[in-house]
*Asks:* 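Here you go, one structure.
If you're wondering where the values come from, they're calculated on a predicted model, not measured in any experiment.
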Amino acid sequence: MNFGKKKFTITKKQTPAFTIGRKKPAFTIKPVKKIKDVPAFHQGTDIPIQTRDDLKEIVEEPCLKACQNLFDMNIRTLDSGCNGENCSDCAYIIINYDTLDTRNKQIADNMVRQNTVEFIPKSDVCIRNYFNQIFIKVPASPEESVRSVEQKLLNITQQFVPQRKIVKTMNPAEIIAMHMRAQNSK
């Protein structure tokens with residue numbers, strides 16, 4: 001048998017039948033992000049939240065996953081924080097207790113009895129406390145990793161269960177009365 005030898009030449013106009021993808025960058029290890037590296041968010045908390053992704057605009061990184069977890073369960077958060085600027089010694093999330101269903105109120109009450117969270121009653125002294133609140137606070141240090149603090153908060157918030165959305169609003173007259181009582185107590 002005679003196999004003929006064929007010559008193949010590639011000219012500038014021809015392209016190969018396959019291409020090699022982009023060269024991937026060398027594997028790099030990202031440094032662990034620490035609490036001291038988390039920037040503070042300085043916007044107000046009255047931004048309307050429609051989706052869990054909206055939380056990225058107002059919730060600092062160490063608290064984000066726990067707040068998203070609560071959002072997915074229809075549990076309303078009022079505030080949260082953990083950054084290197086003004087709360088590097090703790091991470092906290094405040095939940096509106098009045099919007100919890102019966103089962104989640106029982107869970108919160110158990111957490112209060114176990115000293116896992118603190119119950120803050122509605123108050124005329126602090127105008128900001130229009131609702132009864134559950135205050136979740138975990139210790140943190142500036143050198144602690146964001147992931148570590150994130151996990152501490154998740155361990156607490158994952159004890160709650162999904163609920164139907166409960167909207168608790170205040171009567172404007174009640175708000176004015178609270179303001180008046182607070183002004184008179186000074």
Side-chain angles (χ1 to χ4, degrees), residues 24-100 104-163 168 182 186:
K24 292 183 180 180
F27 177 74
T28 57
I29 297 174
K30 292 181 181 177
V32 175
K33 190 169 188 179
K34 298 184 180 197
I35 298 302
K36 68 180 181 181
D37 302 325
V38 175
F41 284 1
H42 294 287
Q43 69 272 5
T45 57
D46 58 348
I47 297 172
I49 302 299
Q50 302 299 324
T51 67
R52 72 191 318 265
D53 287 338
D54 293 341
L55 292 170
K56 292 177 184 174
E57 302 299 320
I58 62 169
V59 178
E60 292 158 350
E61 189 177 357
C63 303
L64 181 60
K65 286 187 180 178
C67 287
Q68 287 176 328
N69 182 47
L70 292 167
F71 179 88
D72 292 343
M73 292 188 281
N74 291 316
I75 295 174
R76 185 168 173 218
T77 56
L78 299 172
D79 197 4
S80 66
C82 183
N83 61 67
E85 184 179 312
N86 56 16
C87 57
S88 60
D89 64 335
C90 72
Y92 69 91
I93 297 174
I94 300 174
I95 295 174
N96 184 335
Y97 181 84
D98 298 337
T99 61
L100 295 176
N104 280 321
K105 281 183 179 177
Q106 290 172 346
I107 292 168
D109 293 343
N110 286 337
M111 290 178 177
V112 170
R113 279 192 290 279
Q114 297 167 356
N115 291 324
T116 307
V117 300
E118 180 183 348
F119 179 78
I120 302 172
K122 180 169 37 174
S123 170
D124 288 349
V125 175
C126 180
I127 302 301
R128 188 174 173 165
N129 295 345
Y130 290 136
F131 302 103
N132 294 309
Q133 301 172 9
I134 294 297
F135 188 68
I136 300 170
K137 181 178 175 182
V138 297
S141 74
E143 295 299 321
E144 191 169 359
S145 74
V146 167
R147 177 93 172 105
S148 170
V149 173
E150 181 181 84
Q151 193 58 50
K152 288 181 200 177
L153 289 170
L154 275 172
N155 289 341
I156 295 171
T157 60
Q158 287 175 337
Q159 295 177 47
F160 290 102
V161 295
Q163 66 179 28
K168 173 82 173 177
K186 289 182 181 180

*Asks:* Can you find a heavy atom in the side chain of Ile93 that is under 4.5 Å from one in the side chain of Ile156?
*Replies:* no

*Asks:* What are the two closest non-hydrogen atoms of Cys82 and Val38, and how far apart are they?
*Replies:* O-CG1, 3.5 Å

*Asks:* Pairing donors with acceptors under 3.5 angstrom, does anything connect the side chains of Gln68 and Asp72?
*Replies:*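 Looking only at side-chain atoms, Asp72 and Gln68 do not form any donor-acceptor pair under 3.5 Å.
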
*Asks:* With a 4.5 Å heavy-atom cut-off, do Cys63 and Leu153 have their side chains touching?
*Replies:*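 In short, these two side chains touch, coming nearer than 4.5 Å.
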
*Asks:* Find out whether Met111 and Ile134 are in side-chain contact, i.e. whether some heavy atom of one side chain is under 4.5 Å from a heavy atom of the other.
*Replies:*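 Side chain of Met111 against side chain of Ile134, heavy atoms only: no contact under 4.5 Å found.
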
*Asks:* Rounded to the nearest 0.5 Å, what's the gap from CD on Gln159 to CG on Leu154? Could you check?
*Replies:* 11.5 Å

*Asks:* Lys105: which residues meet the salt bridge (charged side-chain N to carboxylate O under 4.0 Å, His left out) condition with it, sequence neighbours left out?
*Replies:*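 Salt bridge (charged side-chain N to carboxylate O under 4.0 Å, His left out) list for Lys105, sorted by chain: empty.
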
*Asks:* With sequence neighbours excluded, tell me which residues meet side chain to side chain contact (heavy atoms under 4.5 Å, CB included) with Asp89.
*Replies:*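 Checked Asp89 against side chain to side chain contact (heavy atoms under 4.5 Å, CB included); zero matches.
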
*Asks:* Strictly distance-based, threshold 3.5 Å: is any side-chain N or O of Asp37 a donor or acceptor partner for the main-chain N or O of Lys33?
*Replies:* no

*Asks:* Ignoring hydrogens, what is the shortest heavy-atom contact between Ala140 and Val149? Give both atom names and the distance.
*Replies:* CB-CG2, 3.8 Å

*Asks:* Hey, is NZ on Lys56 packed in by over 12 heavy atoms from elsewhere, all under 6.0 Å?
*Replies:* no

*Asks:* Under a 4.5 Å cut-off applied to non-hydrogen side-chain atoms, are Thr99 and Ile75 in contact?
*Replies:*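 No, every pair of side-chain atoms sits at 4.5 Å or beyond.
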
*Asks:* First locate atom CD1 of Ile35, then atom SG of Cys90, and finally report the distance between them rounded to the nearest 0.5 Å.
*Replies:* 10.0 Å

*Asks:* Enter the distance from Leu70:CG to Arg76:CZ here, rounded to the nearest 0.5 Å.
*Replies:* 13.0 Å

*Asks:* Would you name the heavy atoms of Val59 and Phe41 that are closest together and state the gap between them?
*Replies:* O-CE2, 3.2 Å

*Asks:* Under the salt bridge (charged side-chain N to carboxylate O under 4.0 Å, His left out) rule, collect the residues that match up with Glu60, sequence neighbours excluded.
*Replies:* none

*Asks:* For Val32, check side chain to side chain contact (heavy atoms under 4.5 Å, CB included) against everything at least two apart and list the hits.
*Replies:* Ser145

*Asks:* Please check if the side chain of Asn104 supplies one atom and the backbone of Ile107 the other of a donor-acceptor pair under 3.5 Å.
*Replies:*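 No; zero donor-acceptor contacts below 3.5 Å.
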
*Asks:* Could you state the interatomic distance from CG (Asn83) to CD (Glu61), rounded to the nearest 0.5 Å?
*Replies:* 11.5 Å

*Asks:* Listed by chain and number, what are the side chain to side chain contact (heavy atoms under 4.5 Å, CB included) partners of Pro162, not counting sequence neighbours?
*Replies:* Met73

*Asks:* To the nearest 0.5 Å, tell me how far Tyr97 OH sits from Asp109 CG.
*Replies:*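 These two atoms lie 3.5 Å from each other.
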
*Asks:* Could you check if a side-chain atom of Asp79 sits within less than 4.5 angstrom of a side-chain atom of Tyr92, using non-hydrogen atoms only?
*Replies:* yes

*Asks:* Could you please spell out the steps behind the side-chain hydrogen bond (donor to acceptor under 3.5 Å, both in side chains) verdict for Gln106 and Asn110?
*Replies:* CA-CA 6 Å; Gln106 290 172 346; Asn110 286 337; over 6 Å; no

*Asks:* Taking only residues at least two apart or on different chains, which pairs with a member in residues 148-158 satisfy salt bridge (Lys or Arg N to Asp or Glu O under 4.0 Å)?
*Replies:*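 Counting only pairs at least two positions apart or across chains, the salt bridge (Lys or Arg N to Asp or Glu O under 4.0 Å) contacts touching residues 148-158 are Lys65-Glu150, Glu144-Lys152, Arg147-Glu150.
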
*Asks:* I want to check something: taking the side chain as every heavy atom from C-beta on, are Phe119 and Asn132 in contact at a cut-off of under 4.5 Å?
*Replies:*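 Contact flag for Phe119/Asn132 side chains = yes.
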
*Asks:* Any heavy-atom pair between the side chains of Phe160 and Asn74 that's under 4.5 Å?
*Replies:*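 Side chain of Asn74 against side chain of Phe160, heavy atoms only: no contact under 4.5 Å found.
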
*Asks:* Can you measure from CG (Leu78) to CZ (Phe135) and round to the nearest 0.5 angstrom?
*Replies:*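 The CZ atom of Phe135 is 11.5 Å from CG of Leu78, to the nearest 0.5 Å.
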
